[in-house]
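The first residue in the sequence is number 1, and the count goes up from there. All figures in this text were calculated on a predicted structure; none of them were measured in a lab.
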Amino acid sequence: MVTGNHTTTPGFILLGYSNLTNLQGLLFVVFLVIYMVILIGNGVIVLVTVMDSALHTPMYFFLRNLSFVEICYSSVTLPKMVANCLAGDGSISFAGCAAQMYFLLLLGGTECFLLTAMAYDRYVAICNPLHYTLIVNREVCATMVAGSWLVNIPVHFGQTYLVFSLPFCGSHEIKHFFCDIPPLLELSCVDTYRNKIAVFIAVLLFLITPFFFIVISYIKIASTILKMPSGEGRHKAFSTCSSHLTVVILFYGSAIIAYLSPKSRDSVDTDKLLSLVYTIVTPMFNPFIYSLRNKEVKAALRKLGVSHGLGDGDGDVAEVEEGQVVQEKVHGGVKMMVEGYHYDDEKIPHHGCQARLEIVAFLVARHQGYPRFGSTGSNLTSREHALQDVEKSKLEKI
C-alpha cells in the first residue's frame, strides 16, 4: 500500500532472539513447556472453581476470571513465539500484527482492573468483615468483572487504529517478541508525538490509576492489621494478601518500567526481558502463587479425583485454607469450630446452615484478622437475622 511518498509494508518480522541462532531449539522447548504449564495450571484453577461449590466465593470468582485472562493473554504471544523458534521465521502479517497488539492491550488492561478488584475484595474482607457479603455480593462481583472488559474494548481499539494508521517505511523488523506500541512507533516515517501522548494517557488510566487504588487499599489493610491485638491474627491476615501482592509487584512493576522508561538502543534487550515477565512469567506462576498450595483448592482437586495423597475424602469435614473452618454433623444438628472457637447449632436455631457457618467465620475474622466467608448466594435476610442472634451470644473458647 502506498501513502504519499511512504510505503506501508505488507507485514513485519518479529526479531525476538533470532540472533541467538544456536539457541533456537532450546528456546522452542522452554517456550513450549512454559505455555503448557500456563494452560494446565490456570485451566485447573478455572475447572475447580467452577465445579466445586465450596469455591463459589468472591475471591475465587475473581481468581477464576484472572486465570482465564492469563490463558488468553499468553495464547496471544506464546504460540507465535514457539512457531518462530521452530521455523526460524518471524514474519507476521499486517492484520495479524494489529490483532495481536489489540488483544495484548485488551487483556493486559483487563488484568489490571481484575487485580484492582481483587485488592478491593481483600480490603473489604479485612477492614469490614461483618458486612463483607453485603458489600461484595454476586452482582457487584459480576459488575466489576464485566466492567473490566467493557471499558478496555473501545479504548484499545482506538489505540490500535492510531498505530496502524501510521505509514511504515524502511525497515519492517520489530525488535521484539510480539507487536507492541513502542517498537512499532520506531518504524513509522512520521512524527509519532500524538501516539506517544495517547500511550501515556492510556498507561495513566489503565496502569497507574489501578495501581494507585491497589496501593491505597493495602495501606488501609496494613493499618487495620497492625491494630489487631493477636500476633497470630496479624500473621494470618498478612499471609492472605501475600499472594496478591506478589503478582501485583511482578505484573505492574515490569509493565510500568517497560512502558514509562525512556527508550534507547541500549534498552531494547531490557524491554524484551520485562515483557517476558508480564506476558509469560506472571501467568506461569499465578496458579502456584495463588492456589495450588491452597487447602481449599487441594480439597476441590481431591473431590474431582485430580489430586492424590491429600486426604481420605471424608465428606463430613470441610477444610478451609488456614482458617480451618470445620463443619461437622452432630446428632442432626451442626457444631461449628473455627480456629479454636466453637458455636453450637442451638445458639442459632432458626437459620440456614450456610448462614450460621458464615456468621461464625465473620466473628472469628473480627477477632483473628483472617477473613473466611461463605457463598454470596445465601439469603441475606437470614444472614442479617443470624448475625443479630450471634452478636447477642458469647463465642466460647475451646
Side-chain angles (χ1 to χ4, degrees), residues 13-50 63-92 96-97 99-101 103-104 107-108 110-111 114-115 174-180 183 243-244 246-255 258 268-294 297-298 300-301 304-310:
I13 297 177
L14 298 169
L15 295 180
Y17 283 128
S18 59
N19 58 315
L20 304 176
T21 308
N22 297 330
L23 296 179
Q24 293 305 300
L26 176 61
L27 290 175
F28 165 77
V29 173
V30 170
F31 289 148
L32 180 61
V33 169
I34 289 175
Y35 186 48
M36 296 305 296
V37 170
I38 291 172
L39 291 181
I40 295 172
N42 287 283
V44 167
I45 297 304
V46 172
L47 178 65
V48 298
T49 54
V50 169
L63 181 58
R64 176 167 64 250
N65 282 274
L66 181 65
S67 294
F68 173 74
V69 168
E70 297 288 32
I71 291 173
C72 297
Y73 198 35
S74 58
S75 296
V76 174
T77 57
L78 269 171
K80 181 63 177 173
M81 292 166 63
V82 170
N84 290 349
C85 291
L86 183 63
D89 179 17
S91 62
I92 184 171
C97 189
Q100 186 183 62
M101 193 182 82
F103 284 109
L104 271 173
L107 293 164
T110 301
E111 180 162 352
L114 284 177
L115 289 172
I174 300 175
K175 299 175 182 179
H176 215 301
F177 296 104
F178 50 82
C179 295
D180 201 5
S243 298
H244 182 255
T246 302
V247 173
V248 166
I249 292 170
L250 281 174
F251 182 81
Y252 277 97
S254 57
V268 172
D269 291 335
T270 302
D271 291 342
K272 288 181 184 178
L273 290 174
L274 289 171
S275 68
L276 289 178
V277 173
Y278 66 82
T279 60
I280 296 176
V281 175
T282 302
M284 180 177 66
F285 283 113
N286 262 2
F288 302 99
I289 293 173
Y290 274 115
S291 296
L292 294 186
R293 58 188 180 89
N294 182 306
V297 175
K298 287 182 178 180
L301 291 172
L304 293 175
V306 177
S307 182
H308 300 283
L310 296 177

Mind listing the closest non-hydrogen atom pair of Pro287 and Ile45 along with its distance?
CB-CG1, 4.2 Å

Where do Gly16 and Phe177 come nearest, in terms of heavy atoms and distance?
CA-CD2, 3.8 Å

Do any pairs count as a side chain to side chain donor-acceptor pair (under 3.5 Å) and have a residue in residues 77-91, sequence neighbours left out, and if so which ones?
Asp89-Ser91

With sequence neighbours excluded, residues passing side-chain hydrogen bond (donor to acceptor under 3.5 Å, both in side chains) with Asp180:
Tyr259

Could you give the distance from OH (Tyr252) to CG (Leu115), rounded to the nearest 0.5 Å?
5.5 Å

Taking the side chain as every heavy atom from C-beta outward, state whether Ile174 and Cys97 have any atom pair closer than 4.5 Å.
yes

Taken to the nearest 0.5 Å, the spacing of Met101 CE from Ile92 CD1 works out to 11.0 Å

Got Cys72 and Phe103 here, is their nearest side-chain heavy-atom distance under 4.5 Å?
no

Less than 3.5 Å apart, any donor N or O on the side chain of Asn42 or Glu70 sitting next to an acceptor on the other?
no

Please step through side chain to side chain contact (heavy atoms under 4.5 Å, CB included) for the pair Val37 and Phe288, ending with a clear verdict.
CA-CA 10 Å; Val37 170; Phe288 302 99; 4.0 Å; yes

Find out whether Leu39 and Ser75 are in side-chain contact, i.e. whether some heavy atom of one side chain is under 4.5 Å from a heavy atom of the other.
yes

Apply side chain to side chain contact (heavy atoms under 4.5 Å, CB included) to Leu14 and Cys179, showing your working.
CA-CA 8 Å; Leu14 298 169; Cys179 295; 4.1 Å; yes

I'd like to know if the side chain of Gln100 and the backbone of Val76 have a donor-acceptor N/O pair within less than 3.5 Å.
yes

Can you list the steps and then say if Tyr278 with Leu250 is a side chain to side chain contact (heavy atoms under 4.5 Å, CB included)?
CA-CA 7 Å; Tyr278 66 82; Leu250 281 174; over 6 Å; no

Under a 3.5 Å distance rule, please check whether Ser243 uses its side chain to pair with a backbone N or O of Ile289 as donor and acceptor.
yes

Measure the CG-CZ distance between Leu114 and Phe68 for me, rounded to the nearest 0.5 Å.
11.0 Å

d(Leu47 CG, Arg64 CZ) to nearest 0.5 Å is 10.5 Å

Gap separating the CD1 atom of Ile40 from the OH atom of Tyr35, nearest 0.5 angstrom
11.5 Å

For Met81 and Leu276, run side chain to side chain contact (heavy atoms under 4.5 Å, CB included): C-alpha distance rounded to whole Å, both residues' side-chain angles, the deciding distance at 0.1 Å, then the answer.
CA-CA 11 Å; Met81 292 166 63; Leu276 289 178; 4.0 Å; yes

Considering all heavy atoms, the nearest Gly108-Phe251 contact
O-CZ, 3.8 Å

What one should report as the nearest heavy-atom pair of Leu27 and Cys85 is CB-SG, 3.8 Å

Here the gap from Thr110 atom OG1 to Tyr73 atom OH, rounded to the nearest 0.5 Å, amounts to 10.0 Å

